[in-house]
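Inspection log for the structure reproduced underneath, given as structure tokens.
We count ligands from 1, going down the list as the structure has it; atoms in each ligand are counted the same way. Bear in mind that the values here come from a model prediction, so they are computed numbers and not experimental data.
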Amino acid sequence: MQDIRVSFQQLFNSSASLVVQSPGRINLIGEHTDYNNGFVLPAAIDKCVQVAIAKRTDGAIHMHALDLQESVIVPAVAIQPHATHWVNYIIGVVAQVQKYIANASSNSATHELVKGFDICLQGDIPIGAGLSSSAAVECAVIFALNEMYQLGLSTMQMALMTQQSEHEFAGVKCGIMDMFASLHGKSNQVMLLDCGSLQHHYYPLDLKEYQIVLFDTQIKHALASSEYNTRRLECEQGVEILQKKYPSIKTLRDASKQQVDELLKTEATLIGTKVYNRCKYVVDEIERVQLAVKDLLAGDIKAFGQKMYETHEGLSQLYEVSCRELDILVNAVKDHPQVLGARMMGGGFGGCTINIIKKSEVEAIINMVADIYAQQTAHILKVHQVKIAQGTHIK
Ligand code: GLA
């Protein structure tokens with residue numbers, strides 16, 4: 001990446017007052033559990049977004065995306081979703097911050113934020129790969145605004161506000177995992193996050209003679225965000241049925257496997273087997289994450305990896321968020337003795353698989369998978385070898 005302070009100076013003819021860096025994330029296990037108040041096991045990575053920012057006085061927000069060479073200017077008041085996709089990840093956050101200020105103080109109308117700012121951004125997180133590049137932008141922006149305007153937001157508040165921004169300005173009803181991981185990541189540690197209480201614990205990730213490798217399908221099917229929102233609704237439909245008999249069930253986190261079998265399997269003819277399959281996957285996965293963490297703590301990477309394969313099976317067959325390309329990548333390694341685990345990662349319908357591969361075999365396995373992928377699809381495999389890194393911070 002370029003020196004973003006130099007780019008800022010050239011673009012806006014003034015100095016940046018602040019540079020913030022926010023990482024992408026991987027997730028070892030716990031997929032589509034976050035919006036069901038379940039557990040996830042993500043970590044921030046050494047691929048990131050950087051923003052440079054400084055105040056203006058004329059009421060305009062000037063934005064420039066260095067990687068795309070695109071500039072957009074909008075007024076700093078009455079912010080609405082914008083036709084240019086990336087712009088929404090900035091102004092959506094501004095809208096949340098303005099809402100927060102309006103609720104928090106009486107003289108909100110005079111708050112400096114309405115005077116606007118200059119911002120430029122760049123990053124090296126592959127877009128559409130399921131590594132949460134959009135959350136990284138949102139987290140970098142809110143962290144920078146918080147610092148520059150001395151808003152006093154906690155990183156917990158920032159996570160919730162950026163999630164809301166994604167709902168309102170990107171139209172994806174995402175869970176909290178991506179933002180939380182980007183803001184709270186620690187070097188060499190994975191985080192077990194309880195998405196219900198937001199309590200989290202860090203564990204060192206010691207994979208011994210194994211390492212994480214990401215295989216990137218290099219595709220993102222168009223239905224990703226609409227199907228994502230549909231999955232959320234299907235889970236809520238399941239909860240509604242469960243609640244009639246068990247009023248204490250507020251989310252799938254509160255439901256047992258037995259309850260899901262009892263009520264959703266028998267109702268399957270009325271509601272369709274889909275809702276049963278979705279809920280069964282989620283309840284299984286919430287349990288699986290907790291067991292997988294025990295494996296990790298016991299140093300049993302083989303058992304951990306096996307659970308990753310089980311997760312993929314569930315995501316592909318029951319939750320139906322995988323796709324042909326992702327399945328090809330997982331099948332390519334499934335029976336390989338030096339690959340302990342593999343599964344699709346993130347929302348699905350494209351993006352990456354996450355694999356645990358014996359260090360000494362990484363190169364050979366990459367070559368093998370690349371061949372299979374080229375033979376069976378029209379795409380070229382891309383490989384990312386990431387390190388676990390620190391969360392959002394000032395540069
Ligand atoms: C996307 C969402 C997350 C999470 C994952 C699936 O990355 O942004 O909130 O739901 O999909 O686990």
Side-chain angles (χ1 to χ4, degrees), residues 22-45 47 49 88-89 92-93 125-139 159-185 190-196 198 200 214 216-217 220-221 223-236 251-253 278 281-286 288-289 292 307-308 310-312 314-316 318-323 326 343-354:
S22 198
R25 60 106 190 90
I26 52 171
N27 183 26
L28 277 102
I29 197 160
E31 219 65 89
H32 287 272
T33 47
D34 59 353
Y35 53 85
N36 289 299
N37 276 5
F39 294 95
V40 291
L41 193 67
I45 55 173
K47 294 190 181 294
V49 165
N88 289 307
Y89 299 122
V93 169
I125 307 172
I127 293 169
L131 297 174
S132 297
S133 55
S134 60
V137 174
E138 291 157 337
C139 293
L160 292 164
M161 286 163 73
T162 46
Q163 181 193 16
Q164 199 55 35
S165 150
E166 183 92 17
H167 288 196
E168 290 175 22
F169 278 69
V172 181
K173 301 276 181 206
C174 66
I176 192 79
M177 169 170 71
D178 304 347
M179 294 79 188
F180 203 95
S182 185
L183 285 160
H184 296 98
V190 290
M191 112 189 27
L192 174 66
L193 170 64
D194 176 337
C195 299
L198 296 186
H200 53 294
L214 306 176
D216 188 343
T217 59
K220 188 85 197 168
H221 292 294
L223 37 71
S225 50
S226 62
E227 285 294 314
Y228 185 93
N229 292 345
T230 305
R231 290 301 171 279
R232 217 183 151 134
L233 285 176
E234 287 163 345
C235 292
E236 285 165 13
T251 66
L252 287 178
R253 167 71 178 279
R278 308 306 192 228
Y281 162 75
V282 170
V283 171
D284 285 350
E285 179 74 352
I286 291 174
R288 198 153 39 227
V289 180
K307 294 194 174 59
M308 292 170 71
E310 286 169 20
T311 294
H312 186 78
L315 287 166
S316 177
L318 297 175
Y319 216 65
E320 295 183 280
V321 291
S322 185
C323 60
L326 286 165
R343 62 175 198 84
M344 56 147 279
M345 189 178 73
F349 301 102
C352 288
T353 63
I354 176 167

Close aromatic pair by centroid cut-off 6.0 Å: H32 and Y281: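 Between H32 and Y281, the centre distance exceeds or equals 6.0 Å.
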For R231, is there an ion pair with E320 - N to carboxylate O distance below 4.0 angstrom?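 A salt bridge is absent here (no side-chain N lies under 4.0 Å from a carboxylate O).
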Test log, rule salt bridge (Lys or Arg N to Asp or Glu O under 4.0 Å), inputs K307 and E310: CA-CA 5 Å; K307 294 194 174 59; E310 286 169 20; over 6 Å; no
Which parts of the protein, at residue level, reach under 4.0 Å of ligand 1 through a heavy atom?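 Correct list: R25, E31, H32, D34, Y35, C174, G175, M177, D178, Y228, G346, G347.
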Ring pair (Phe, Tyr, Trp, His ring centres under 6.0 Å) involving H312 - partner list, sequence neighbours excluded: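 Counting only residues at least two positions away or on another chain, H312 forms no ring pair (Phe, Tyr, Trp, His ring centres under 6.0 Å).
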Could you pull out all residues at least two apart from D284 that satisfy salt bridge (Lys or Arg N to Asp or Glu O under 4.0 Å)?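 K257, K280.
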Who pairs with A43 by side chain to side chain contact (heavy atoms under 4.5 Å, CB included), at least two apart in sequence or on another chain?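 I26, V190, I388.
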